[in-house]
Amino acid sequence: MIKIDTEFITLGQLLKMTDWISSGGEAKFAVKELKIQVNGESENRRGRKLYPRDQISIEDKRYTIER
């Protein structure tokens, strides 16, 4: 579970929060290389907005956005 206190976060922010990447600049490459799904659909946009209750899977590790 990833807890946020804003309306949404981006996929790039999530990748950094969960230590998949160490800097925002790496997000562009990470979304192309990692197997990422948002709510069951493949995703490769680092700017994808993630809202509470969204389900994210990165290389089969699962996260849920909560407020």
Any side-chain to backbone donor/acceptor pair from Asn44 onto Lys32? Under 3.5 Å, distance only.
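No, the answer is negative, given that no donor and acceptor are paired below the 3.5 Å cut-off.
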Please tell me if the side chains of [X] and [Y] come closer than 4.5 Å, counting only heavy atoms from C-beta onward.
{"X": "Lys61", "Y": "Trp20", "result": "yes"}
{"X": "Val38", "Y": "Leu50", "result": "yes"}
{"X": "Lys35", "Y": "Ile58", "result": "no"}

For the residue pair [X] and [Y], what are the closest heavy atoms and their distance?
{"X": "Ile2", "Y": "Met17", "value": "CG2-CE, 3.4 Å"}
{"X": "Gly12", "Y": "Ile21", "value": "O-CD1, 4.0 Å"}
{"X": "Leu15", "Y": "Ala30", "value": "CD1-CB, 4.1 Å"}
{"X": "Ser22", "Y": "Lys16", "value": "O-CE, 3.6 Å"}
{"X": "Arg67", "Y": "Pro52", "value": "NE-CG, 3.8 Å"}

Would you sort out whether Ile56 and Leu14 count as a side chain to side chain contact (heavy atoms under 4.5 Å, CB included), showing the intermediate values?
CA-CA 9 Å; Ile56 299 91; Leu14 175 77; 3.7 Å; yes
Can you measure from OG (Ser57) to CG (Leu34) and round to the nearest 0.5 angstrom?
10.5 Å
To the nearest 0.5 angstrom, please state how far the CD1 atom of Ile9 sits from the CD1 atom of Ile65.
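Going from the CD1 atom of Ile9 to the CD1 atom of Ile65 covers 4.0 Å.
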Does any pair with a residue in residues 34-67 pass ring-ring contact (aromatic ring centres under 6.0 Å, His included), and if so which ones, sequence neighbours excluded?
Phe8-Tyr51
With a sphere of 6.0 Å drawn around CD of Glu33, does it hold more than 12 non-hydrogen atoms of other residues, nucleotides or ligands?
no
As a quick check of understanding, evaluate salt bridge (charged side-chain N to carboxylate O under 4.0 Å, His left out) for Arg45 and Glu43, giving each step before the final call.
CA-CA 6 Å; Arg45 298 172 292 160; Glu43 185 57 70; 2.7 Å; yes
